[in-house]
There are 4 protein chains.
Amino acid sequence: MEKTAQPARNFASDNNAGVHPEILEALARANQGHVVAYGDDPYTRSAVKKFEEHFGPDIAVFFTFNGTGANVLSLQSLTQSFHSVLCSAYAHIYTDECGAPEKHTGCKLIPLPHENGKITPESVRHAYHGVGDEHHSQPRVISITQSTEMGTVYQSEEIEALARFAHEHEMFLHLDGARIANAAASLGQTLRQATRDLGVDVLSFGGTKNGIMGGEAVVFFHPEQAHDFLYLRKQSMQLASKMRFIAAQFEALLTNDLWRRSADHANRMARLLEKEISCIPGVKVVWKVEANGVFAQIPHHSIEKIKKQYFFYTWMEEESIVRWMCSFDTTEDDIRRFAEVVAVAVKE
Amino acid sequence: MEKTAQPARNFASDNNAGVHPEILEALARANQGHVVAYGDDPYTRSAVKKFEEHFGPDIAVFFTFNGTGANVLSLQSLTQSFHSVLCSAYAHIYTDECGAPEKHTGCKLIPLPHENGKITPESVRHAYHGVGDEHHSQPRVISITQSTEMGTVYQSEEIEALARFAHEHEMFLHLDGARIANAAASLGQTLRQATRDLGVDVLSFGGTKNGIMGGEAVVFFHPEQAHDFLYLRKQSMQLASKMRFIAAQFEALLTNDLWRRSADHANRMARLLEKEISCIPGVKVVWKVEANGVFAQIPHHSIEKIKKQYFFYTWMEEESIVRWMCSFDTTEDDIRRFAEVVAVAVKE
Amino acid sequence: MEKTAQPARNFASDNNAGVHPEILEALARANQGHVVAYGDDPYTRSAVKKFEEHFGPDIAVFFTFNGTGANVLSLQSLTQSFHSVLCSAYAHIYTDECGAPEKHTGCKLIPLPHENGKITPESVRHAYHGVGDEHHSQPRVISITQSTEMGTVYQSEEIEALARFAHEHEMFLHLDGARIANAAASLGQTLRQATRDLGVDVLSFGGTKNGIMGGEAVVFFHPEQAHDFLYLRKQSMQLASKMRFIAAQFEALLTNDLWRRSADHANRMARLLEKEISCIPGVKVVWKVEANGVFAQIPHHSIEKIKKQYFFYTWMEEESIVRWMCSFDTTEDDIRRFAEVVAVAVKE
Amino acid sequence: MEKTAQPARNFASDNNAGVHPEILEALARANQGHVVAYGDDPYTRSAVKKFEEHFGPDIAVFFTFNGTGANVLSLQSLTQSFHSVLCSAYAHIYTDECGAPEKHTGCKLIPLPHENGKITPESVRHAYHGVGDEHHSQPRVISITQSTEMGTVYQSEEIEALARFAHEHEMFLHLDGARIANAAASLGQTLRQATRDLGVDVLSFGGTKNGIMGGEAVVFFHPEQAHDFLYLRKQSMQLASKMRFIAAQFEALLTNDLWRRSADHANRMARLLEKEISCIPGVKVVWKVEANGVFAQIPHHSIEKIKKQYFFYTWMEEESIVRWMCSFDTTEDDIRRFAEVVAVAVKE
């Protein structure tokens, strides 16, 4: 195995982290004998029950391979090809899925301006037009990301307002919850309070960025909207044959609040990182640190210097804004050492 | 966890089995610190080198989530939407992927008659027409499955003949190798001898049915055909963020010939099963047992009886043909006990 | 304008003919002042009323540019991407639309064997499986062509039986009526008797092969199935801006039974052609001449000889079967002269 | 035929006009005997030669049914599904084709801000990022509309600058020329000077808005980019069977400069309209009148009043901006009468 000069843990992304030990143990436990493939197995049924414990009854839950799969299948379940999806111009579905939503649903994605990573009913209203006109893609879904791509967190009333707008206009509200655990932890809410209770219709429930090995769940709060999901998932190449090994991870994530313990820790590390770097002259944290990411404007010359020791992503090239993410396994030591590297690079 | 009355191991499918211990260990070993996501990590580079050891240099290797993903991406790399793909009417891509190839590539799949699960240059030639005529989908790929959906194995000269036909007609040969390990083991060949050396252009290299947890590889023997693969994979929702955990499994599978040990065992168990049931009056094995599956015509009344104790699939309803698969973990005891159940059910 | 040595009228296809004078006059009459584009005009409303006169009330009628557009939009209105469409292996939608149905609907088209160009409930039943299984495309539409691609005509009870099978299995019956006029004329039926009254759900109503300049209509006999048609048509690039000029043609076609006069004539010419060539030794008419096409097996050597004077299509290369079509403007003289050319070529 | 109370000619759109008499005559002339369908006919060959006269040799020309078809096929010829197309946020392909480009190409369309209806290299540069990153749709085509959706006309150097940017970044320049005739006439240029000579790669050449009955042409200035066009067109349902009747219209349009005569007239009428309404208090022409459209901000209360007598489109609801288009058949009288209606409505 080739060696890398990088430190054991970086701040590039929460998906650069490995797997939480409780998840690995769950995988080993699930490796008993034969079970029917494709989800008709006791592990999957048991994991679905865990979701019902957290989100309440009368939901439909399905596992997919990854977040893009969960997002695309969520949207596909709610749309036909002549519909449009309204989302932030910085939404993951808009900028980071290589056009997967457009390719697979046929829909148009309408980018909206963001405020601190969030869209508002006003911005949605501005883009809501052409309804009933065959020349225009018909608005059908509002999609938001929680916590946002800018590390901020929608307040409950902000989501409720978007849900209200959606439902008053025969639209649906989809929530890309790749980091919903971080948001719920940040808000001190249960998973249900953070989603279903606010009017969300369909949730992409993420696990990979919160310490599982791989897999995502789509949760429908109106099961009739999942009517065709099994076929859509298979046709979209998102049906795992050895489903039990995705299910077992989610079962573990939802047991003994592992989801919250991990998210809380990552959030706390982000606040610590914010504190450590805020005092460095030339470093400016640009959005509120409400989840597990810190976005900072730093001197352009320092970016490459830091990258020599720590891999991470420049978020906005022109504005010299970078993104640093914390994970379930980030340590206080990691942060102090990183902050030192930043301080040195910025000063030079 | 709810209890199932079924025995520990069944004969429904090789994907009903769990994970080989060497694979689980490899997963645990890969769980060290942070690495860059999406495949730019030492585990993935190392696994790719393993493929080069087995298949030779100048290949392009990519990991996907599952076999349908690998097949669709293989075809998409070789086609445009107005092309057609010629395959057996019983090919997995034709019958068991819920139309994923058509949906994602836009291509037409042309079903050909099979002989013992195999297609021939003659059947391809018969379907090769309309070339240069804008009204017809243009033949572009021949796709075969090895070992076949009927448990048989193409002989080398049979694949060579199909490759020759393809290349003489500006077509490509794709091999769905969900069970290529079983075929190579059956033929006593290396993986390279069983694929690249016969003229195969693109290979879906399966692992899930041979004891890994999940994942598949696409191997291009002409790397220029993979020019756009990275984008197609991401857009097709088949890019794993924590790629190292797929790569590590394949590294283990290709180390110390685990792939062959597991496949050889499963093949041997299938031959034992064949032997045990062949002597039961009323049971007729319908295709040669050349890999890890046994296909038998059994009295219709017995099917439901056996299914009460062992879950499995009826392969051809009208002909009363069933499929029984062996896995890396099938034991001789499993087979004897199952054969007894069959014998009793058939006799009644 | 370059000269062609071919005779004024050939037997290649009914779409090689020009435009009926009554259609041209209608186009000129429609060329008055400005009207709203895209179908919200008096010509379109008037043409729709003509359809209601012929097919009865409570229908939904839309115009498209061509037959492929009408067929694809019919299917798209009835399906989702994980559905399948069952049709003859010689159906126009299966063989002559370059994969347009697959590309646009995402569906799988399942080819069925034909008998005299027709499919039967038995052949449909054989292909109707995998229902409720997420791995299989779900059967949703039976599509037939009337008159068939082999120049034969389904009898009323044959269509009724297919409609019954469809509706008993939660499927729909689509009729590709590129030559429905020839079929209705042949059967002595009204357009309604030939379609709606037999249980057809959606009809592609052809005009181009019956003397109009261009355009096709999709007729829904259950208007709720057309709920999204306006959007699907626009998105499928089948919405004409100067719609009045398609509408006016259909208005004329449905006025004073122009559709029947033209179809009757073409049918009669086909019977005459059959009579004239049947007596030529070496020429064998292979399917019943029930509409406006004659399919004949002729000596292979004669095909190129005849093509030197008359352009036409070889229908089945290996069987040496050719197709000769008659049009609204074919004359008895045309037929006698052509039959002489055939007789000479075959004899040589 | 039901009666409409509207005047003979309105200002809603140039596609509300009928057909120029020279076009109707050409259609009648083309109605002679049989010719081969689908474009292999003397009329089509002759029309293609006309294009070569205007645009020079070494081009590839194809006819489609409509502008959306021409645009989508142009883009499809230049892209794969993981590419993106950069265009004005008000481009017809972005706002008025019901998502057809996304659905058919799979690409993402990136909306750019416009200045007077035009995009600039600066706005393109701002959106040109993520190149080489598999997570992002890859920029591939810049698409502009000439004359623009705001009735303005790109100057030659503006198009050249966009072409240069495109070609320096391995992109292509597509020009949606639904009204290219109006632009060339406005600039006093030949069709070639207005397109090919500026670096345009592919042109959607419009006719419908300039007095033909229906049809559009796609002109490739690098024929190798049209390599697959025949298949793409057929599969996209844009292949006319009686092609001669589209070809004959374009032949007439390109003969004796009918295209320029009609466009010049429409442009002149727009300038007259601008002059007539500019002096009405409360009416403000918002973009330069450089082609055949006038965009005016008028008191909100007056819009519905005018619409009672003249059908037209509100272009920007919130800003109270309306669009009035002139056609080949607009008369000075039409304009004076319309201006009077506007004056009265605004004053009230």
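So that the names make sense, note that chain A is the first sequence line, chain B the second, and so on, each numbered from 1.
Remark: the backbone N or O of V19(C) is paired with a side-chain donor or acceptor of N31(D) at under 3.5 angstrom. At least one donor-acceptor pair under 3.5 Å links the side chain of K242(D) to the backbone N or O of G18(C). Remark: the backbone N or O of L239(D) is paired with a side-chain donor or acceptor of N66(C) at under 3.5 angstrom.
Looking only at heavy-atom pairs under 4.5 Å with chain D, the residue among S13(C), C98(C), G33(C) that has the most is C98(C). Of the listed residues (A37(C), P101(C), A28(C), G214(C)), the greatest number of heavy-atom pairs within a distance under 4.5 Å of chain D belongs to A37(C). Put simply, of K103(C), Q235(C), E102(C), the one with the most heavy-atom pairs under 4.5 Å next to chain D is Q235(C). Counting heavy-atom pairs under 4.5 Å between each of D96(D), V36(D), L24(D), D329(D) and chain C puts V36(D) at the top.
The nearest pair of heavy atoms linking M237(D) to A100(C) is CG-CB, 4.3 Å. Of all heavy-atom pairs spanning H34(D) and N10(C), the tightest one is ND1-N, 3.2 Å. The minimum heavy-atom distance linking E97(C) with K234(D) is given by the pair CA-CE, 3.7 Å.
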Under 3.5 Å, sequence neighbours excluded: what are the donor-acceptor pairs made by side chains of residues 205-213 of chain D?
{"from": "T208(D)", "atom 1": "OG1", "to": "G215(D)", "atom 2": "O", "distance (Å)": "3.2"}
{"from": "N210(D)", "atom 1": "ND2", "to": "W259(D)", "atom 2": "O", "distance (Å)": "3.1"}

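Using a 4.5 Å cut-off between heavy atoms, A12(D) does not touch chain C at all. Proximity to chain D is absent for every atom of N71(C), based on heavy atoms less than 4.5 angstrom apart. Residue contact with chain D, scored on non-hydrogen atoms closer than 4.5 Å, involves the backbone and the side chain of N15(C) alike. Of the two parts of S327(C), only the side chain, counted from C-beta on, holds a non-hydrogen atom closer than 4.5 Å to a non-hydrogen atom of chain D. With a 4.5 angstrom heavy-atom cutoff, F65(C) touches chain D via backbone and side-chain atoms both. Neither the backbone nor the side chain of I246(C) comes within contact range of chain D; no heavy atoms are under 4.5 Å apart. For F245(D), the part sitting under 4.5 Å from any heavy atom of chain C is the side chain, from C-beta outward, and nothing else.
Residues L27(C) and L27(D) are not in side-chain contact: their nearest non-hydrogen atoms beyond the backbone lie 4.5 Å or more apart. The shortest side-chain heavy-atom distance between N16(D) and V35(C) does not fall under the 4.5 Å cut-off.
For the side-chain hydrogen bond (donor to acceptor under 3.5 Å, both in side chains) test, residues two or more places apart in sequence or in another chain that qualify with E332(D) are R336(D).
Here the straight-line distance linking atom CD of Q238(C) with atom CD of Q238(D) works out to 6.5 Å at 0.5 Å rounding.
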